[in-house]
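Here is the structure we will look at, set down as structure tokens.
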Amino acid sequence: MPEFEVSALLDTDVVSMSNVRCHGNCRHRSAEECTSATHLVFPYRGLYVRHVGSEQAVADANHVLFFNAGEGYQVSHPVGGGDSSLSITLSETVLQELAPASLLKKRGEFGFRSQHQRIDPRAQALVALLRHHLENATIEPLEAESLLLTLVARSLGPRTSHAPSATFARSRLADRVKVLLASDLSRRWTLAEIAGEIGGSPVYLTQVFQQVEGIPLYRYHLRLRLARALDLLAGYDDLSALALDLGFSSHSHFTAAFRQAYGRSPTAFAQSANPKNS
């Protein structure tokens with residue numbers, strides 16, 4: 001079985017998008033890879049770690065990753081189960097129009113300065129909508145292109161994204177917390193349990209995580225669980241079962257959190273993602 005499965009979802013003169021599934025069989029760093037074109041990657045299922053030199057970025061559903069053309073990288077999978085992402089390729093001209101100058105390298109070849117940054121819930125919802133619509137053939141190319149450009153602009157915008165900003169040690173500590181959360185997404189973690197697994201005091205961990213990610217640890221975890229719901233909704237007829245599988249105390253708790261994050265109920269989102277079933 002190949003390690004990767006790549007399915008083309010959209011290919012126009014402006015943009016191309018593929019669904020990339022990785023089985024994640026190797027926990028250790030892969031051989032060095034590189035890509036011939038700069039692209040943006042939106043993980044929506046599972047977790048992996050991308051390494052560029054001594055730097056690393058945890059790839060989960062709360063982030064967009066930047067893969068620069070010609071830049072060597074390695075990938076490791078500290079959590080089992082594999083991962084899935086949407087990979088988007090845009091021309092350099094289009095990216096320069098969409099990306100703030102602060103995100104781009106100031107000299108030399110075109111590319112992003114950072115490996116990744118956090119996205120907001122509405123960007124997560126756009127990732128899910130695009131994937132579901134394109135896989136179900138319920139969207140025209142023009143609308144798909146427009147939604148995709150909206151997703152990229154939102155993910156790069158200063159009001160709806162967050163670039164990591166912390167020391168090397170604090171970033172690594174926050175990364176360890178992210179890997180722990182992803183190892184059991186449905187678990188109702190307490191600060192004491194996280195601190196016991198990671199080391200350090202609960203107060204210190206919450207302060208570090210807030211500094212690195214710009215949001216509280218509990219909200220980061222909630223957004224991961226809700227992003228998983230975006231991925232799974234189409235396959236669940238019983239939303240109460242989905243809520244319990246994702247660690248919510250009840251159907252109403254899940255629905256309220258989902259509506260607050262995405263502006264609609266889980267049922268309404270499922271209907272909009274796949275109109276054939278509505």
Side-chain angles (χ1 to χ4, degrees), residues 4-7 9 17-24 41-48 58-65 77-88 118-139 144 147 151 155 178-189 218-278:
F4 289 96
E5 297 177 18
V6 181
S7 304
L9 297 178
M17 183 169 72
S18 299
N19 194 13
V20 181
R21 298 181 180 90
C22 178
H23 296 289
V41 174
F42 292 87
Y44 65 86
R45 183 187 305 158
L47 176 146
Y48 64 92
V58 173
D60 63 22
N62 282 335
H63 289 86
V64 56
L65 276 77
H77 299 87
V79 176
D83 55 81
S84 298
S85 304
L86 288 188
S87 177
I88 297 173
R118 184 170 53 77
I119 58 176
D120 73 345
R122 299 304 170 94
Q124 291 176 330
L126 282 171
V127 169
L129 280 173
L130 274 165
R131 182 172 67 85
H132 290 309
H133 277 309
L134 288 167
E135 288 181 339
N136 296 320
T138 55
I139 190 171
L147 284 177
L151 167 64
S155 301
K178 295 173 195 174
V179 171
L180 178 66
L181 296 178
S183 69
D184 190 353
L185 204 55
S186 63
R187 180 170 171 176
R188 298 180 189 177
W189 292 98
Y218 78 87
R219 188 174 298 166
Y220 188 96
H221 184 221
L222 175 62
R223 289 185 180 179
L224 284 181
R225 293 155 67 204
L226 291 173
R228 184 66 171 141
L230 293 174
D231 176 35
L232 294 174
L233 266 173
Y236 271 78
D237 294 324
D238 184 353
L239 291 184
S240 294
L242 175 59
L244 294 177
D245 288 346
L246 291 174
F248 291 92
S249 59
S250 64
H251 176 281
S252 60
H253 177 207
F254 166 58
T255 299
F258 192 99
R259 188 188 298 276
Q260 183 175 21
Y262 304 124
R264 66 185 83 178
S265 70
T267 300
F269 182 88
Q271 291 172 344
S272 65
N274 189 4
K276 289 181 180 179
N277 293 336
S278 59

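These values consider heavy atoms only, across backbone and side chains, with no hydrogens, waters or symmetry-generated copies. Residue numbers start at 1 and run along the sequence shown.
Annotation: salt bridge (Lys or Arg N to Asp or Glu O under 4.0 Å) contacts involving residues 124-138, sequence neighbours excluded, comprise Arg21-Glu135, Arg131-Glu135, Arg131-Asp231. Among residues at least two apart or in separate chains, there is no salt bridge (Lys or Arg N to Asp or Glu O under 4.0 Å) pair with a member in residues 237-256. Sorted by first and then second residue, the salt bridge (Lys or Arg N to Asp or Glu O under 4.0 Å) pairs with a member in residues 180-189 read Arg187-Glu193; sequence neighbours excluded.
Between the Ser183 side chain and the Leu180 main chain, a donor and an acceptor come within less than 3.5 Å of each other. Remark: side-chain polar atoms of His251 are not paired, donor with acceptor, to backbone N or O of Leu244 under 3.5 angstrom. Between the Asn62 side chain and the Tyr220 main chain, a donor and an acceptor come within less than 3.5 Å of each other. Looking only at distances, no side-chain donor or acceptor of Arg228 sits under 3.5 Å from a matching main-chain atom of Arg223. A donor-acceptor pair under 3.5 Å is formed between the side chain of Arg225 and the backbone N or O of Leu246.
How far OG of Ser84 is from NE2 of His23: 9.0 Å, rounded to the nearest 0.5 Å. The line from CG of Leu181 to CG of Leu222 is 11.5 Å long, rounded to the nearest 0.5 Å. Taking CE of Met17 as the start and CG of Leu130 as the end, the distance is 4.5 Å to the nearest 0.5 Å. Interatomic distance, Arg45 CZ to Asp60 CG, rounded to the nearest 0.5 Å: 14.5 Å.
Side-chain polar atoms of Thr267 and Ser265 form no donor-acceptor pair below 3.5 angstrom.
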inquiry  = Determine whether Val41 and Val20 satisfy the following criterion, side chain to side chain contact (heavy atoms under 4.5 Å, CB included), listing intermediate values before the conclusion.
reply    = CA-CA 9 Å; Val41 174; Val20 181; over 6 Å; no
message = Working note: His63 + Val58, criterion side chain to side chain contact (heavy atoms under 4.5 Å, CB included); need CA distance, chi angles, decisive distance, verdict.
response = CA-CA 8 Å; His63 289 86; Val58 173; over 6 Å; no
request  = Apply side chain to side chain contact (heavy atoms under 4.5 Å, CB included) to Leu239 and Phe258, showing your working.
outcome  = CA-CA 12 Å; Leu239 291 184; Phe258 192 99; over 6 Å; no
query = Between Leu86 and Asn19, does a side chain to side chain contact (heavy atoms under 4.5 Å, CB included) hold up when you go through it step by step?
reply = CA-CA 5 Å; Leu86 288 188; Asn19 194 13; 4.0 Å; yes
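Between Leu224 and Ala61 the shortest heavy-atom distance is CD2-N, 4.0 Å. Heavy atoms only, all atoms of each residue included: Tyr262 and Ala227 are closest at OH-N, 3.4 Å. When all heavy atoms of Pro121 and Ala261 are compared, the pair lying nearest together is CB-O, 3.5 Å. Among all heavy-atom pairs drawn from Ala128 and Leu230, the shortest one is CB-CB, 3.8 Å. Shortest non-hydrogen contact noted between Leu134 and Leu9 is CD2-O, 3.7 Å. Contact between Ser18 and Val6 at its shortest, heavy atoms only, is CB-CG1, 3.9 Å.
Proximity of Leu129 to Ser272: side-chain heavy atoms (C-beta onward) are separated by under 4.5 Å at one or more points. Contact annotation: the side chain of Phe254 approaches that of Pro266 to within less than 4.5 Å [non-hydrogen atoms, C-beta and beyond].
Ring geometry, His132 versus Phe269: the interplanar angle exceeds 60°, so the pair is classed perpendicular (tilted spans 30 to 60°). Taking the six-membered ring for Trp and thresholds of 30 and 60 degrees, His253 and Phe248 have ring planes more than 60 degrees apart, a perpendicular arrangement.
Scanning for ring-ring contact (aromatic ring centres under 6.0 Å, His included) contacts around Phe42 gives an empty result, with sequence neighbours left out. Under the salt bridge (charged side-chain N to carboxylate O under 4.0 Å, His left out) criterion, Arg219 pairs with no residue at all, not counting sequence neighbours. Partners of Asp120 under the salt bridge (charged side-chain N to carboxylate O under 4.0 Å, His left out) rule, at least two apart in sequence or in another chain, are Arg154.
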